[in-house]
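Sequence positions, counted from 1, serve as the residue numbers for this chain.
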Amino acid sequence: MSVFAEVDTMSSAAMTVLFWEHQNLVTEDITVVEGEVAIISCRVKNNDDSVIQLLNPNRQTIYFRDVRPLKDSRFQLVNFSSNELRVSLSNVTLEDEGRYLCQLYTDPPQEAFTTITVLVPPHNLVIDVQKDTYVEGEEVEMNCTALASKPAGTIRWFQGNKALTAVKTDVEYMEERMFRVRSQLVLTAKREDDGIPIVCLVDHPAVKDLQTQQYLDVQYKPMVSVSVKYPQGLTREGETLELVCSATGKPRPESILWQRVDDDLPEHVLILGDNLLFGNLNKTDNGTYRCEASNSVGSASADYTLFVYDHPTTLPPPTTTTTTTTTTTTPFIITDASATTEPAVHDTWAGDETPLVVDHAVIGGVVAVVVFAMLCLLIILGRYFARHKGTYFTHEAKGADDAADADTAIINAEGGQNSCEEKKEYFI
């Protein structure tokens with residue numbers, strides 16, 4: 001009997017396993033944003049018309065087949081068949097979060113759980129600042145707060161397209177599984193920050209691109225520069241010079257002051273608004289001129305150093321003739337001795353023709369080469385004449401040495417001129 005009982009038990013277990021394989025209850029977890037709609041689905045494979053029902057986390061029946069015992073009208077039947085029970089839950093709240101039960105009335109009953117997770121986006125994103133206006137160089141402190149979110153969000157800071165780093169971030173747990181996030185940013189105010197928005201952006205799975213921004217109002221002292229309106233190029237005696245002072249600041253510069261460093265302004269100089277006008281330049285105008293601008297934040301200045309040059313004097317080019325038949329023209333410029341310090345700059349007032357300047361170094365080099373060539377030629381000729389061979393003839397009387405007396409020697413010498421031998425002597 002025990003053997004048969006054991007066989008029956010094994011057969012029953014095998015049938016149960018086979019039954020579970022054919023009665024597979026399927027459902028999925030759900031994530032929904034607060035206020036939106038959640039769809040709960042209970043599906044059955046190979047159903048034999050068993051009853052399907054859906055229960056809430058408190059084990060209250062929401063739907064039994066296609067009947068809704070629960071009075072909550074937010075639950076609505078979407079689809080009912082022998083293989084599926086699908087229900088929608090509208091206007092989801094945080095209280096709807098939890099585990100829901102899909103149940104199939106079989107023997108034994110089958111159950112499957114689906115978890116609804118409710119996301120709550122930050123209700124508000126606020127930037128707090130200490131004051132509205134800052135002076136360049138001051139420390140700016142900003143605090144961005146994301147209120148009541150689930151889960152906690154992540155705050156990031158930007159200035160234009162540039163990411164900024166927060167000093168600290170605090171996450172505070174609130175009631176009903178809510179979180180509050182607070183991030184602090186500290187930076188130094190610069191004039192480049194004026195009018196540029198500081199952006200606080202929160203990353204949260206329930207919302208995209210949630211951000212707020214705060215514009216910085218930065219005041220700074222003036223920036224001053226001096227430029228020449230005319231003339232273009234060198235400033236020369238007798239000409240007119242106009243200097244322009246440009247100043248920008250926040251607030252706008254209240255006044256602009258022209259002065260001459262370590263001296264008074266010349267009497268013939270006129271101040272026309274922000275410009276300084278020299279009607280007739282002369283050497284006494286040389287010096288440093290300063291433009292100073294100021295506002296409520298501070299003051300700044302810029303300098304211009306004036307140097308008045310002489311007018312150049314251009315003479316007609318003289319003509320010189322070389323030892324050959326070729327005639328060359330060498331133009332040159334003669335200027336006053338006081339203008340020797342003038343830089344070598346093309347003078348647009350001297351006319352279109354550009355005079356040439358004689359290069360004395362080149363002339364000296366040519367003369368040296370000629371002298372050296374002449375010395376070399378003299379040395380070569382001297383050595384040649386020293387080694388030249390001279391040739392001449394002497395006529396001596398043959399037998400004159402053997403003559404008995406002088407008369408006989410002369411007679412022998414005269415008679416032997418035709419047979420004289422050529423002798424050679426060399427000059428050394």
With sequence neighbours excluded, residues passing side-chain hydrogen bond (donor to acceptor under 3.5 Å, both in side chains) with [X]:
X	value
E267	none
N124	none
Q259	none
E28	R43

Any pair counted as salt bridge (Lys or Arg N to Asp or Glu O under 4.0 Å), so long as it reaches residues 154-166, sequence neighbours left out
R156-D203
Pairs satisfying ring pair (Phe, Tyr, Trp, His ring centres under 6.0 Å), at least one member in [range], at least two apart:
range	value
residues 228-280	F278-Y289
residues 176-219	Y173-F179
residues 117-143	none

Minimum heavy-atom distance [X]-[Y], with the two atoms named:
X	Y	value
S81	I52	O-CD1, 4.3 Å
I198	I127	O-CD1, 4.0 Å
I39	S88	CD1-CB, 3.5 Å
T27	A112	CG2-CB, 3.8 Å
V228	P231	CG1-O, 3.5 Å
G238	N280	CA-OD1, 2.9 Å

Check: [Y] main-chain N/O paired with [X] side-chain donor or acceptor under 3.5 Å:
X	Y	result
R191	E136	no
T288	Y304	no
K283	V308	yes
N56	N58	yes

Interatomic distance, [X] atom [atom1] to [Y] atom [atom2] [nearest 0.5 angstrom]:
X	Y	atom1	atom2	result
T117	D96	OG1	CG	12.0 Å
S227	L243	OG	CG	8.0 Å
D66	N79	CG	CG	10.5 Å
T61	Q53	OG1	CD	4.5 Å
I379	M374	CD1	CE	12.5 Å
M178	E176	CE	CD	7.5 Å

For the pair K190 and E192, find out whether any cationic side-chain nitrogen is under 4.0 Å from an anionic carboxylate oxygen.
no
Residue pair [X] / [Y], side-chain heavy-atom distance below 4.5 Å:
X	Y	answer
I116	I40	yes
E242	L277	yes
T114	I30	yes
R68	L77	no
R236	L281	no
L276	L306	no
V218	E138	no
D285	L241	no

Evaluate whether atom [atom1] of [X] has more than 12 neighbouring non-hydrogen atoms of other residues, nucleotides or ligands under 6.0 angstrom away.
X	atom1	answer
K131	NZ	yes
E95	CD	yes
M223	CE	no
N161	CG	no

Name all pairs fulfilling the disulfide bond (SG atoms under 2.5 Å apart) condition that reach into residues 97-131, sequence neighbours left out, sorted by first residue then second.
C42-C102
Let me have the donor-acceptor pairs involving side chains of residues 248-256, under 3.5 Å, with sequence neighbours excluded, atom names and distances please.
{"from": "K250", "atom 1": "NZ", "to": "D194", "atom 2": "OD1", "distance (Å)": "2.8"}
{"from": "K250", "atom 1": "NZ", "to": "D194", "atom 2": "OD2", "distance (Å)": "3.2"}
{"from": "K250", "atom 1": "NZ", "to": "D217", "atom 2": "OD1", "distance (Å)": "2.7"}

Determine the sole option in V261, V224, L257 for which the side chain to side chain contact (heavy atoms under 4.5 Å, CB included) test with R290 is passed.
V261
So which of L55, V87, I62, T115 actually passes side chain to side chain contact (heavy atoms under 4.5 Å, CB included) with Y100?
I62
Please evaluate residues E36 and V92 with respect to the criterion side-chain contact (heavy atoms from CB on, under 4.5 Å), reporting the C-alpha separation (whole Å), side-chain torsions for both, the decisive distance (0.1 Å), and the verdict.
CA-CA 6 Å; E36 296 184 357; V92 177; 5.9 Å; no
Under the side-chain contact (heavy atoms from CB on, under 4.5 Å) test, residues paired with D170 that sit two or more places apart
K168
For side-chain contact (heavy atoms from CB on, under 4.5 Å), just list the numbers for Q214 and D128, CA-CA rounded to whole Å, side-chain angles, deciding distance to a tenth of an Å, and then say yes or no.
CA-CA 9 Å; Q214 176 71 38; D128 298 322; over 6 Å; no
Can you list, pair by pair, the side-chain donor-acceptor contacts under 3.5 Å of residues 139-154, counting residues two or more places apart and other chains?
{"from": "E141", "atom 1": "OE1", "to": "Q130", "atom 2": "NE2", "distance (Å)": "3.4"}
{"from": "E141", "atom 1": "OE2", "to": "Q184", "atom 2": "NE2", "distance (Å)": "3.0"}
{"from": "N143", "atom 1": "OD1", "to": "Q184", "atom 2": "NE2", "distance (Å)": "3.3"}
{"from": "T145", "atom 1": "OG1", "to": "R182", "atom 2": "NH1", "distance (Å)": "3.4"}
{"from": "S149", "atom 1": "OG", "to": "P151", "atom 2": "O", "distance (Å)": "3.2"}
{"from": "K150", "atom 1": "NZ", "to": "E97", "atom 2": "OE2", "distance (Å)": "2.8"}
{"from": "K150", "atom 1": "NZ", "to": "V118", "atom 2": "O", "distance (Å)": "2.9"}

From CA spacing to verdict: side-chain contact (heavy atoms from CB on, under 4.5 Å), S90, Q76
CA-CA 8 Å; S90 60; Q76 295 292 325; 6.0 Å; no
Evaluate side-chain contact (heavy atoms from CB on, under 4.5 Å) for T212 paired with V126, printing each intermediate quantity in order.
CA-CA 7 Å; T212 185; V126 181; over 6 Å; no
